[in-house]
2 protein chains.
Amino acid sequence: MLYLIGLGLSDEKDVTVRGLEAIKKSERVYLEAYTSILGVGKERLEAFYEKEIIVADRDMVETESDAILERANEVDVSFLVVGDPFGATTHSDLLLRAEALSIPYVVIHNASVMNAVGAVGLALYNYGQTISIPYFTESWRPDSWLDRIRENLSLDLHTLCLLDIKVKEQSIENLARGRKIYEPPRFMSVPTAIEQLLSLLPPPLPRKDDETSTLSDPTTTDSSPFTAPSPSNWLDPSRTLCISLSRIGDPSQTFVSGTLEELSHLDEDAFGGPLHSLVIVGKRFHALERDFARRWAVDKENWDRVAKEVYGVRD
Amino acid sequence: MLYLIGLGLSDEKDVTVRGLEAIKKSERVYLEAYTSILGVGKERLEAFYEKEIIVADRDMVETESDAILERANEVDVSFLVVGDPFGATTHSDLLLRAEALSIPYVVIHNASVMNAVGAVGLALYNYGQTISIPYFTESWRPDSWLDRIRENLSLDLHTLCLLDIKVKEQSIENLARGRKIYEPPRFMSVPTAIEQLLSLLPPPLPRKDDETSTLSDPTTTDSSPFTAPSPSNWLDPSRTLCISLSRIGDPSQTFVSGTLEELSHLDEDAFGGPLHSLVIVGKRFHALERDFARRWAVDKENWDRVAKEVYGVRD
């Protein structure tokens, strides 16, 4: 039997009882280690499971899946994934390959950031599509994710933004020379994510102090600032609320709430350790949610003011 | 300490090791029993935890939260929620009340249908907002959820539809007379959900066999069948793919895939036991996903044909 087991979010005790039982009886245990990380290292897992763990990088999962599946129709094999097995990537190819080899499989689910983001207090029903914000390089500045945020905001929906991680990446030079030398892991910080986001927006139009962007928009009767037609106005960093989450599910988890502008000015240390995510708040935002997230606000007065003036939140 | 603990999806062993430890050391253990159900009864949980469980219905959570929180600053109290603690409802009011009483709290996450739906093989990134389909009554046929499906489809996104459950509901007569007599629990089936959905759509326009709805739409260059302006055309049951999921995370979980029309004609037994959910597939649909879900198709040939002709899936 192949067990595809979610490990949850933080440490060795976030596995489910059912998952732990499957690991304990497995002959081989693999850990998928390229889409996310736990807050603890492989050694802590090995000590808790009393099992040796084989780390499976992207190469191994994508090109050597038959090695992972070897004899899994005779013995139990566990394939561990941080979060939920279907969170970051569906692993469909591994499961279809198992089926082609007549290997039965069982999926053991767990929390992932895709549902644990509920902890910031916004109803999960009001989230649109989740996006990933990739690291920009000098020559590569993809921006399609910005359209996804805009689509969500146009429907008044929140956006969960997952911030890039680089684990076991090679430099272009090492890649070209075929040298298996890897760069140190990198985890995108919240200020970097916001900085990249703002760098893609056109410069703001000059605006009178007493005039909001929506008032100048004759095509809509909606008061949303996000549906204004001017490309420089659809997202105003001083009038867009967001909530960052770091190490969600860990005892050290940290939330910070405020406008995009406020969060962009904070020191990286204010956000806690990686992994980081960012929620951009849409207009389906209610008084209880405002109160819940106010506890982490950079500036509580401004949080309430923007919630009222831009989001129309009433008590 | 107040522990808010997700139980996961199926049975007593889906709790995490961390969650089980918290339950074991708690003086009182409550089970929130109105937004979802496990596949096993309270007795199985009590035997496994070696703890008595107090079932907390909606009344108790909403009006007697201080009883739940009593002395939780001195002793440990566990509040158990099926799925993830923030899945169906955020429980923000309970947590804010705890904070007002200076009671510290810890959230222990788990899988919920909101992320376990990944098991049907569609990338979680390509889901839009999740909706609930409520039971219609003779006098109450809410339809705003239909707009949400349409919004998602207009962005080519999938929709997770959660089907209504009625637990501990009173009849109107018993409610009016103040009699605490409750109806037997009801769980919406997939055919009922689809029937309700189709009943809200206008009758289809007459259409030539060789003409698709989109060809007659001069306002779009997109080939999506969902953006056609005619209200009778935006969702065509014979040209819309969906995947049902039942008892997700349980050994008896059942998936069925096909067009809305195909699934509407199946017997309820084909879908397995409750709880049921339904995914309506958007156009961000890829060959590997088609292959993965084809395994559960009512009619595999038709599944592939619609994927190709309507969704534009190429090998």
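Below, chain A is the first sequence line, B the second, and so on; all start at residue 1.
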Can you tell which part of Leu122(B) gets under 4.5 Å to a heavy atom of chain A, answering side chain, backbone, both or neither? backbone
Where on Glu289(B) is there a heavy atom nearer than 4.5 Å to chain A: the side chain, the backbone, both, or neither? neither
Structural part of Leu20(B) lying under 4.5 Å from a heavy atom of chain A: side chain
Chain A contacts, top residue of Gly83(B), Ala116(B), Ser112(B), Gly128(B) (heavy-atom pairs, under 4.5 Å): Ala116(B)
What part of Asn126(B) gets closer than 4.5 Å to chain A, counting heavy atoms only: side chain, backbone, both or neither? neither
Highest number of heavy-atom pairs under 4.5 Å with chain B among Val15(A), Val107(A), Val117(A) belongs to Val15(A)
Once you round to the nearest 0.5 Å, how far does OG of Ser92(A) lie from CZ of Arg290(B)? 12.5 Å
Heavy-atom pairs under 4.5 Å with chain B: which of Ala123(A), Gly8(A), Ser132(A), Pro251(A) has the most? Ser132(A)
Between chain A and each of Glu99(B), Gln253(B), His158(B), count heavy-atom pairs under 4.5 Å; write down the option with the most. Glu99(B)
Starting from the C-alpha separation in whole Å, work towards a yes-or-no answer on side chain to side chain contact (heavy atoms under 4.5 Å, CB included) for Thr130(B) and Leu124(A). CA-CA 8 Å; Thr130(B) 297; Leu124(A) 286 180; over 6 Å; no
Relative to chain A, which segment of Pro85(B) carries a heavy atom at a distance below 4.5 Å: side chain, backbone, both, or neither? neither
Look only at the side chain of Asn115(B) and the backbone of Asn110(A), and say whether a donor-acceptor pair between them is shorter than 3.5 Å. yes
Pick from Gly249(A), Gly19(A), Gly121(A), Ala111(A) with the largest number of heavy-atom pairs that fall under 4.5 Å of chain B: Ala111(A)
Just wondering, are more than 12 heavy atoms of other shown residues or ligands nearer than 6.0 Å to NZ in Lys13(A)? no
Closest-packed option against chain A by number of heavy-atom pairs under 4.5 Å, given Leu9(B), Leu155(B), Leu4(B), Asp84(B): Leu155(B)
Pair count under 4.5 Å, heavy atoms only, with chain A: among Val106(B), Asp291(B), Leu157(B), highest is Leu157(B)
Is it the backbone or the side chain of Glu21(B) that comes under 4.5 Å from a heavy atom of chain A, or both, or neither? side chain
Please give me the minimum heavy-atom distance between Tyr125(B) and Gly87(A), naming the atom from each residue. CE1-O, 4.3 Å
With a 4.5 Å limit on heavy-atom distance, are the side chains of Val17(A) and Glu12(B) in contact? no
Looking at Asp11(A), Asn152(A), Leu95(A), which makes the most heavy-atom pairs under 4.5 Å with chain B? Asp11(A)
Between Tyr127(B) and chain A, which part of the residue has a heavy atom less than 4.5 Å away: side chain, backbone, both or neither? backbone
Relative to chain A, which of Arg295(B), Arg148(B), Met114(B) shows the most heavy atom pairs under 4.5 Å? Arg295(B)
